[in-house]
Each structure stands twice: as structure tokens, then as C-alpha cells.
Amino acid sequence: MEYNFRAIEQKWQEEWKKRGTYTVREDAARPKYYVLDMFPYPSGAGLHVGHPLGYIASDIVSRYKRLQGFNVLHPMGYDSYGLPAEQYAIQTGQHPAVTTAKNIARYREQLDKIGFCYDWDREVRTCEPGYYHWTQWAFCKMFNSYYDHASEKARPIDDLIDYFEKNGSEGLNAAQSDKLTFTAAEWKAMDTAAQQKVLMNYRIAYLGDMMVNWCPKLGTVLANDEVSEGLSIRGGFPVEQKVMRQWCLRVSAYAQRLLDGLDRIDWTDSLKETQRNWIGRSEGTEMVFSVKDSDVKFTIFTTRADTIFGVTFMVLAPESELVPLLTTSAQKQAVEDYLTAVKKRTERERISDRRVTGVFSGSYAINPLTGEAIPVWISDYVLAGYGTGAIMAVPAHDSRDYAFAKHFSLPIIPLIEGCDVSEESFDAKEGTVTNSPVAGKQGFKGFSLNGLTVKEAIAATKKFVSEQKLGQVKVNYRLRDAIFSRQRYWGEPFPVYYKEGVPYMLPEECLPLELPEIKNFKPTETGEPPLGHALSWAWDTVNNCVTENTKIDNKTVFPLELNTMPGFAGSSAYYLRYMDPHNEKSLVSKQANGYWQDVDLYVGGTEHATGHLIYSRFWNKFLFDLGFVCQDEPFKKLVNQGMIQGRSNFVYRIKDTNTFVSLGLKKDYDVTPIHVDVNIVSNDVLDTEAFRNWNPEYKTAEFILEDGKYVCGWAVEKMSKSMFNVVNPDNVVDRYGADTLRLYEMFLGPLEASKPWDTNGIDGVHRFLKKFWSNCASGEGFSFSDEAPTAEELKCLHKLIKKLTFDIDHFSFNTAVSAFMICLNELGKCNKRAIYHDLTILLTPFAPHLCEEIWQAMGEEGSVCDASWPQCNESFLVESAVTYSISFNGKTRFTMDFPVDATNEQIQAQVLGSEGAKKWIEGKPIRKVVIVPKKIVNVVI
RNA sequence: GCCCGAAUGGUGGAAUGGUAGACACGAAGGACUUAAAAUCCUUUGGCCAUUGCGGCUGUGUGGGUUCGAGUCCCACUUCGGGUACCA
């Protein structure tokens with residue numbers, strides 16, 4: 001009987017659905033295991049073979065854990081709101097609701113074909129009101145919270161109001177946008193609008209005037225992780241810096257906790273490192289500089305306090321609010337010209353063309369340690385958004401300051417003994433400090449760093465600056481608050497209304513605030529939100545939801561917030577929703593959350609390292625602080641699957657002809673390589689007939705063959721339509737079956753490695769499945785031998801149990817598949833029931849359809865998914881003798897068998913006495929014999 | 001520039017510091033077949049010897065630690081990923 005994978009796979013996919021095999025419920029009697037995939041955004045192109053790689057790995061772990069007796073939660077859903085989905089709709093001229101629904105249906109069809117064990121009853125879609133209800137709800141909670149650094153957690157904003165009423169801002173240690181100072185009396189004297197303005201400074205979700213990444217082509221602002229090298233990740237459009245009033249999430253408040261949490265989770269070091277860099281903790285010193293002939297004082301941030309004696313100029317960011325204060329009338333025109341020029345340059349230009357530019361402000365700052373006057377410059381190499389937007393420049397020990405000093409001929413004072421700064425700055429934090437002012441000389445204030453190492457000097461300066469109240473020790477983070485507004489249509493509406501310009505949250509009972517259906521949903525280059533076309537929706541919402549005493553006056557044109565939330569809003573807590581997807585009362589019930597706790601295994605790509613994986617950790621920590629979830633970190637273990645690249649094929653057309661020459665012969669001709677559809681190439685051999693039909697241009701193509709075949713060239717490239725190297729999993733499933741696809745994707749190499757998709761090896765795993773099948777297939781049915789297994793067979797089986805268990809526990813699926821092949825090779829044509837029973841269970845995570853069929857054929861009850869993973873019986877693995885490698889001076893020459901209990905003395909005597917040894921020793925004296933238990937005897941001559 | 005990671009046959013890749021190249025593909029030869037497909041068997045890192053069962057060499061390069069290094073340490077080369085005026 002043939003291995004008819006098409007019939008088998010269809011049969012079992014229907015059967016699983018009918019039986020509800022993969023439906024899960026909380027079950028206190030069994031331990032839980034939560035396996036999560038990063039849910040896809042349903043793009044128009046459908047899945048290619050790269051997408052299922054991680055899904056297959058997680059599916060294997062899910063099935064394996066289930067066989068081991070765990071209650072496994074393994075859900076799937078769609079990240080269906082956001083830019084990519086909307087861009088696709090615009091490109092195809094359809095409404096995003098329509099394309100999204102269509103794309104989801106296609107994804108589902110493709111996913112179903114691969115035989116995943118998802119519990120589809122728990123599916124979530126971020127664009128459905130039942131889901132985004134809780135996205136909006138979380139936003140309201142963030143609006144109504146502030147971050148208290150004293151207790152290192154988020155607290156209700158009412159606590160903050162109480163605090164202000166008692167103490168004003170005195171002694172408050174909270175995350176804030178600006179440092180505000182007021183007394184309790186002043187607070188009480190403020191009107192509502194003024195108080196709201198103050199509170200906005202502390203809210204975790206806040207409305208602020210921010211320097212944002214504005215992308216005119218996409219008609220929206222973007223978060224930092226959505227921009228790379230001045231271009232939008234989505235679409236590659238230019239991005240400019242602009243101040244806009246936007247909703248933001250105070251992610252920066254959680255910087256330290258996000259950093260600390262990394263030490264407690266099982267992620268790869270490289271991913272943790274990426275997040276650490278992104279958070280960018282830097283310990284330094286803030287120092288206050290006064291300005292000559294002025295009352296103005298300003299603060300700078302530096303990590304190199306030790307270089308204070310090498311400061312030869314100061315630099316302000318062009319956007320700094322100090323610029324107008326420090327510009328003298330003489331320099332006014334020059335500064336204004338410079339600011340205009342800076343504004344004109346796009347972010348892209350600034351990055352690609354890194355020229356040194358700047359202008360002198362006319363003012364001088366006073367070095368707090370020497371009293372020396374230092375010119376204050378303005379330059380765009382200093383960023384307004386980091387530190388204080390002002391720096392002390394030490395050209396001798398900072399390459400950027402060095403370039404600036406050289407360009408404007410400013411002095412350079414080296415501070416490290418023996419360093420040469422004639423060509424470049426000395427940036428390393430090492431060496432011995434020199435050139436500090438000394439007693440008796442001008443500028444000496446009783447503080448010198450000479451003779452200290454750089455590290456000692458930094459510490460000494462910090463201490464001195466703190467004691468003398470010249471500044472303070474300060475930790476800065478690179479991590480910025482997340483900009484949360486998008487001037488787009490396809491996203492969650494904000495549950496926010498305005499009264500006299502002050503934003504308020506809609507009452508909780510009015511959630512979800514549903515996205516209205518509008519015809520003209522396209523973004524604008526000026527940033528007018530598309531929801532501006534839904535004026536009646538806005539008014540209806542306000543009239544229905546807002547109670548009498550807060551009802552807004554009719555003068556307001558847009559009573560509602562018209563921006564929508566960004567893509568990451570919906571993906572930040574989806575893993576919580578899977579725990580309790582149909583709950584209408586809360587995001588997740590205490591009971592469901594208490595049972596499922598957190599994600600045990602999260603599988604997905606590294607591309608989310610600085611986006612989703614930061615945002616959801618932040619979101620989860622916030623919900624944890626408020627007591628809505630029971631775990632501080634959402635993802636205990638995270639595994640990154642590698643990217644599957646495309647393997648393109650080429651044909652070689654002889655110039656100005658329609659004749660194509662095979663790879664091996666192309667050197668004799670002048671040829672142009674042309675991409676050819678990989679789907680008409682097999683093992684690099686072109687199907688010439690299919691090629692002629694592929695494109696009308698090649699209808700009359702002629703071929704110069706080698707050995708009767710046309711051999712194509714190949715290259716590894718990105719998988720994309722234009723390279724004709726996209727492989728659709730449907731085609732693979734159609735040709736080889738889902739079980740082969742699953743097995744092959746795992747066999748391709750380590751899960752984390754990036755690798756090209758290459759169908760060349762797929763026959764191998766397909767043969768393996770056929771062999772597994774045909775060993776027990778016979779005639780029109782199956783036959784199993786009831787003979788007792790031999791010791792050899794049992795040893796073989798139990799070796800496999802041990803290896804598979806180890807490999808799956810360590811996510812080494814490629815070696816697991818190999819181990820299975822080896823075992824089957826060793827067993828030969830064995831069809832003993834006792835062996836096949838266990839083998840079938842062991843293969844189930846990899847090839848579930850095939851195993852169900854065999855399980856049924858063996859007359860077993862129920863589904864093989866509910867069987868128990870076999871235990872390795874070590875007693876079958878015990879050897880009667882041990883084989884030792886015998887080496888001479890480290891080179892292995894032969895092997896010898898010894899009884900398990902042989903002593904080292906016995907082994908040594910036998911080895912030295914053997915004929916083989918005599919040949920290698922050649923009568924020379926033996927210096928040493930090293931015996932490694934059960935492995936090696938090395939004789940040193 | 002900075003921070004990670006990698007480098008092993010024609011290919012994908014194995015190898016707790018212990019016989020490098022498992023397993024698979026491809027290739028070559030053979031069996032079965034009228035033929036093809038499918039299946040099975042043999043060989044397959046390189047060099048030398050193959051009328052001798054063998055020998056030498058070999059994991060990007062150069063050094064080191066070790067009885068023993070693909071694996072650990074130092075320096076370098078190349079490639080991939082992340083990040084970028086973050087003071």
C-alpha cells in the first residue's frame with residue numbers, strides 16, 4: 001500500500017476538527033505549558049516557506065509537551081491592525097476591512113494544511129472590537145496612572161493628586177516630562193485646566209509636544225523602532241524630525257526594570273544585548289555651568305567628569321531652549337541663519353552627510369572647577385532629546401568634539417599622560433591623568449586629578465562635584481517614550497474626548513469605542529487624521545457617552561481624538577487575551593491568568609527585539625503593577641528562529657539570441673544571467689518545457705544542454721517575488737505532504753540559523769517517511785509482528801527515546817530528525833508492534849498525520865496525540881564491554897574492547913602488551929599513559 | 001565607528017576538550033525492470049598507495065594552553081546581524 005499522504009492528511013485534519021482534539025481548558029490537575037508564536041500580520045502575499053519555520057518548531061514542542069502530560073496552551077491569531085495591513089489595502093484600492101478579512105482567510109487555509117495543533121477557539125484578531133476593547137482599556141489605565149520611582153511601580157493618578165494636595169511637588173520622586181516645582185497651596189489655587197496640565201506631566205499615557213519622526217509619504221508619525229537610517233522601515237520613505245502634539249507612553253519610566261528583568265529570563269544573550277543597547281543605560285554626572293555676565297545657568301550631562309579640565313568649548317543642540325537665552329545680539333543673525341539651515345536638512349541628509357557645522361552663540365560659560373570662560377557653540381551633532389541637550393566639549397578625548405575643534409580651530413588640551421592628539425582624539429577610558437591645575441597656579445581650587453587612572457578620576461570628580469553642589473550623579477537612558485498616535489485610519493480609536501482642549505477618557509462602560517466605517521480612509525501628507533471624515537461618529541460618541549456635568553460645549557469642532565493607535569498597541573498584550581479570549585468583563589480573568597501565568601516558550605524572529613518585545617514587556621509590567629496580571633515578565637523563554645532566505649536560480653541567455661546555455665558550458669559564451677522561477681527547477685535542473693510556457697518571451701527558447709540536462713546557476717538572495725524565488729508551502733504540501741514539509745523545515749539546520757530555502761534535500765526526509773510507512777504496510781493494509789523485540793532493537797529504541805527527549809528539550813530539531821533516521825536504518829525492516837508503538841508516539845510531534853494513521857492501524861484507542869511519551873529505560877543501554885580508542889602522542893591508531901569494570905591498571909597493562917602498541921612504541925621509553933574513563937587511552941612516548 | 005554572532009567536503013549540516021565530516025542531498029558505479037519511475041546495494045574530504053590489508057594531510061590565518069583543540073585563550077582575515085553623532 002502506497003503512502004498516500006494527501007488522503008491521510010486531509011482525513012486527519014478533518015478528524016481533529018470533528019473531535020475537537022486541540023481544544024484546551026484550564027485543568028488544575030495537570031501542569032500547564034504555554035507555547036506562543038508571534039502572531040502574523042496577514043499580508044496580501046500569503047505565507048511563504050519561511051513563515052512556518054517557527055510555527056513548526058513550536059508545534060513540535062506543543063505536541064511533545066502534551067505527550068509528556070502537560071496541559072498545553074498553543075493559540076494563534078492575527079495582528080491585523082496597523083500600517084502594513086493598511087498599506088496593502090491602499091495599494092490594491094480596497095478597504096482595509098475587506099483585504100484584512102480576505103488575507104486572514106487565506107492564511108488560515110495555508111496554516112490548516114500544515115497540521116498545526118492550535119486551539120482555534122481562542123483565536124484573536126487585533127482589529128475586532130471584542131479584542132481592542134482591552135487595548136483601549138489599558139490605555140485608559142495608563143492615562144490614569146503615574147510612575148512612582150520611590151516604590152518603583154505605577155500607581156493611580158489619584159494618589160498623585162493626594163500627594164500634591166498635601167505636599168505640592170516637594171519630595172516627589174516620580175517619572176515626569178519636565179521638572180515642575182510648586183507648593184500645595186499653589187496646586188490648590190490652580191484651575192482645572194492648569195491642574196490637568198500638571199498631571200499630564202506625570203501620566204504614563206500622556207499628550208505631549210514631542211520631537212517626532214514624521215513621514216509625509218505615510219502621512220503619519222513613527223516610533224523609533226519603525227525608522228532606520230532616516231527611512232521608514234515600512235516602505236522606505238524619508239522621515240523628518242518635527243515637533244508635534246502626540247500621545248505618548250512613558251516607557252522610559254520602566255527603563256531600569258526592563259533592564260533588570262532581562263537577568264531573570266531565558267532569552268538568547270544576543271537578544272538581551274540588543275535590548276540592553278536599546279535601553280542604553282549610561283551612568284554619568286550632571287554639572288551646572290553658569291554664564292559669564294548673565295544670570296542664566298545650565299546643566300550638561302557627561303560620562304567623563306574626569307575631563308572637566310580639558311573642556312575648551314560648550315555645545316548646545318539647535319533645538320535647545322537655551323539657544324535664544326545665550327545668543328548675543330551680535331551673533332543673532334548668524335545663529336538664526338544656522339537654525340534655518342539645520343531645519344532644512346532632512347534626517348536622511350544629516351546621517352548620510354556628516355559634515356561638521358555649527359555657530360558661535362556669543363556667550364561664554366564658566367568652568368565650575370577653574371572659573372575659566374569657555375565659548376558656547378550651537379551644533380546639530382548634539383541631540384536635544386538626550387541628556388540635557390547641552391554638552392561640555394573635550395576635543396582631546398572625544399572624536400566628535402575633536403572633529404568640531406579642528407574644523408573651527410578651537411584649542412585641544414590632552415589630559416592623559418603620553419597620549420598623542422595631533423591626528424585624532426584619545427577616546428579610550430584608560431591611562432594616567434595629567435594636566436590638572438596644580439596648587440599655586442591659576443584656576444586651582446584645591447582639586448587635582450593628576451596621577452590617577454581614568455576610572456579613579458571619574459569617581460573622584462563625581463564625589464567632588466556632589467560635595468561642592470556643582471551638580472549630581474545621574475543615570476541616563478537612551479530609551480525614549482513611545483509615540484502612540486498615528487494619523488491613520490486602520491487602528492484602534494483613542495477612547496479620548498476633549499473639553500476646552502483638555503483630554504478626558506471616555507467612561508469604561510462606553511468601551512469599546514468602535515472604529516467607524518468610512519469611505520475615504522486615505523492618509524494625508526499634512527497629517528490630518530482620516531477620522532476627521534467621521535464627524536457624526538465623533539458627535540454621537542460624545543453625546544452617548546459623556547455625562548451631563550462634564551458634557552462639552554458645542555463650540556468644539558472635533559470633540560474626539562481623531563488619531564488612532566499604532567500597530568504595536570494591539571500586539572502588546574495579545575498573549576494575555578489568549579488565556580481568556582471570550583471574557584467580556586476583563587482582559588483576562590484572575591482565574592485564567594492564575595492558571596496560565598506566563599508564556600513558557602515564545603518563538604519568533606529577532607526583528608521584534610526593539611519593538612514588540614520591549615513594548616509588551618513594558619505593557620505587562622504596567623498591568624502587573626496595577627495587579628491585573630500575576631507575572632512581572634511575560635515571556636519566560638524566547639527562541640528566535642532564523643530567517644529563511646531565497647535560493648534563486650538562473651538561466652544563461654547567450655547575448656542577442658533566444659538560446660540558453662547550461663551552467664557548465666556558459667564560460668564559452670557571452671551570456672546574461674536571468675532569474676528563473678524556482679518552481680520550474682528541480683535539483684538545479686530546469687524543466688525546459690515549463691520554461692517555454694513560463695513567459696511568452698521564451699516560447700521559442702533553444703537550449704544548449706550538458707549531459708542531456710539544463711543545469712541552472714544559483715545564488716542566495718532575499719525571498720521576494722522579483723527574484724522568482726518565493727516558495728509557497730502549499731506547493732510543497734501538495735507535492736510531498738505536510739508531514740514532509742514539517743520534517744524538512746526542521747532538518748534544514750539549527751532553528752536559530754538563517755538559511756536559504758533549498759528543496760534539494762527534501763527527497764531525503766520524504767524517503768524516510770515512506771520507509772517508516774512501508775515497513776509496516778502490507779498489501780492493502782498493515783501488518784505488525786507480535787514477536788518480542790530483541791535486545792538490539794530495544795537498545796536502538798531506547799537510545800532514540802533518550803536522544804529525542806534531550807534534543808527537543810534543547811530545541812535541536814535537526815539532530816532529532818537525524819537520530820530518527822539513524823534509528824530506522826539500524827532497525828532495518830522491523831515491524832514489531834512493541835517497537836512501532838513507541839516509534840509512532842516519538843514521531844508524532846514531527847509527522848502527526850502519518851502517526852495518527854499508523855496508530856489507528858495498530859488498533860490503538862483514540863488519538864496518538866493523547867498517548868504518553870515513552871520513558872528511556874537505561875538498563876537496555878548498558879554495554880557489556882567498552883571500546884577504548886588507543887592513541888599514541890594524541891593520534892588515535894586503533895581501538896580495543898575492555899570489560900566495563902576493568903581497572904586502569906588492567907587496561908594499561910593490556911594496551912602496552914598488545915601487538916598494535918609495540919608497533920607504535922618501537923621500543924622507545926613511555927613517558928606517561930592517560931586513561932579517560934570509557935573513552936581514550938593515550939600513550940605518551 | 002561601537003556591540004553581538006559565525007567561518008568544517010560539491011551542498012545543507014553533525015561532533016559534553018577525546019576515532020572530525022554523523023545524518024541527508026548531490027555525484028559515480030551496480031542490481032531489479034522491455035523501459036522509466038520507485039526501491040535496494042557499493043563508493044564518495046584531499047593527496048599518495050590502491051598486486052598489500054595502509055600512509056600522509058585536513059575544521060578561515062598565525063600563535064598559545066593541554067597527554068590530546070573544530071571546540072578553550074590571544075592576535076588577525078572574511079562574512080552576517082544589530083546600532084549609530086546617546087556626550
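Fair warning: this is a prediction, and the values are worked out from it, not measured in the lab.
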Give a yes/no answer on whether the side chain of [X] brings an N or O atom under 4.0 Å of OP1 or OP2 in [N].
X: A:Lys891; N: B:rG68; value: no
X: A:Lys928; N: B:rC67; value: yes
X: A:Arg767; N: B:rC25; value: yes
X: A:Asn814; N: B:rA14; value: yes
X: A:Tyr386; N: B:rA87; value: yes

Whole-angstrom distance between [N] and [M], as gauged at atom [atom1]:
N: B:rA7; M: B:rG70; atom1: C1'; answer: 11 Å
N: B:rG81; M: B:rA27; atom1: P; answer: 32 Å
N: B:rU65; M: B:rU71; atom1: C1'; answer: 14 Å
N: B:rU77; M: B:rG62; atom1: P; answer: 15 Å

> Between A:Lys802 and A:Glu874, is the closest basic N to carboxylate O distance under 4.0 Å?
Replying inline: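 Looking at A:Lys802 together with A:Glu874, the answer is yes, because their closest N to O distance falls below 4.0 Å.
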> Does A:Lys462 come within less than 4.0 Å of A:Glu286, counting only side-chain N to carboxylate O?
Replying inline: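 Judged by the 4.0 Å cut-off on N to carboxylate O distance, A:Lys462 and A:Glu286 do not form a salt bridge.
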> Which nucleotide in the set B:rA14, B:rC3, B:rA38 lies at the smallest distance from any side-chain heavy atom of A:Pro750?
Replying inline: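 For A:Pro750, the side-chain atoms sit closest to B:rA14.
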For [X] and [Y], test the side chains for any donor-to-acceptor distance below 3.5 angstrom and give the result as yes or no.
X: A:Tyr710; Y: A:Asp687; value: no
X: A:Asn825; Y: A:Lys771; value: yes
X: A:Tyr338; Y: A:Thr357; value: yes

Rounding to a whole Å, what distance do you find between [X]:[atom1] and [N]:[atom2]?
X: A:Lys803; N: B:rA15; atom1: NZ; atom2: C1'; value: 9 Å
X: A:Asp807; N: B:rA14; atom1: CG; atom2: P; value: 11 Å
X: A:Asp225; N: B:rG82; atom1: CG; atom2: C1'; value: 13 Å
X: A:Ile762; N: B:rG26; atom1: CD1; atom2: P; value: 12 Å
X: A:Arg927; N: B:rG68; atom1: CZ; atom2: P; value: 9 Å
X: A:Asp763; N: B:rG26; atom1: CG; atom2: C1'; value: 11 Å
X: A:Met821; N: B:rA24; atom1: CE; atom2: P; value: 7 Å
X: A:Ile822; N: B:rA24; atom1: CD1; atom2: P; value: 7 Å

> With nearest nucleotides of RNA chain B determined for A:Tyr477 and A:Lys771 from heavy-atom distances, which residue corresponds to the more 5′ nucleotide?
Replying inline: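 Its nearest nucleotide lies further toward 5', so the answer is A:Lys771.
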>> Let me spell it out: for each of A:Glu273 and A:Val930, pick the nucleotide of RNA chain B with the closest heavy atom. Which residue's pick is nearer the 5' end?
In response: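 First, find each residue's nearest nucleotide; the 5'-ward one identifies A:Glu273.
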Need the pair for [N]. Rule: Watson-Crick or G-U wobble, both distances under 3.5 Å, any strand; none if unpaired.
N: B:rG52; result: none
N: B:rG26; result: B:rU44
N: B:rU59; result: none
N: B:rC85; result: none

>> Using the ring centroid of each side chain, check whether A:Tyr402 and A:His397 are separated by less than 6.0 Å.
In response: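 No: the rings miss the under 6.0 Å criterion.
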> Is A:Arg617 close enough and on-axis enough to A:Trp278, meaning under 6.0 Å and within 45°, for cation-pi?
Replying inline: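 That pair does not qualify as a cation-pi contact.
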> What does A:Asp269 touch in the nucleic acid at a heavy-atom separation under 4.0 angstrom: a base, only the sugar-phosphate, or nothing?
Replying inline: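 Here A:Asp269 touches no strand at all.
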> Contact class for A:Trp773 (heavy atom, under 4.0 Å): base, sugar-phosphate, or nothing?
Replying inline: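 No contact at all - A:Trp773 keeps every heavy atom at 4.0 Å or more from the nucleic acid.
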> Pick one for B:rG9: is it syn, with its angle within 90° of 0, or anti?
Replying inline: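 Syn conformation for B:rG9.
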>> At less than 3.5 Å, do the side-chain atoms of A:Asn938 and the base atoms of B:rC67 form a donor-acceptor pair?
In response: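 Answer is yes: a donor-acceptor pair is held.
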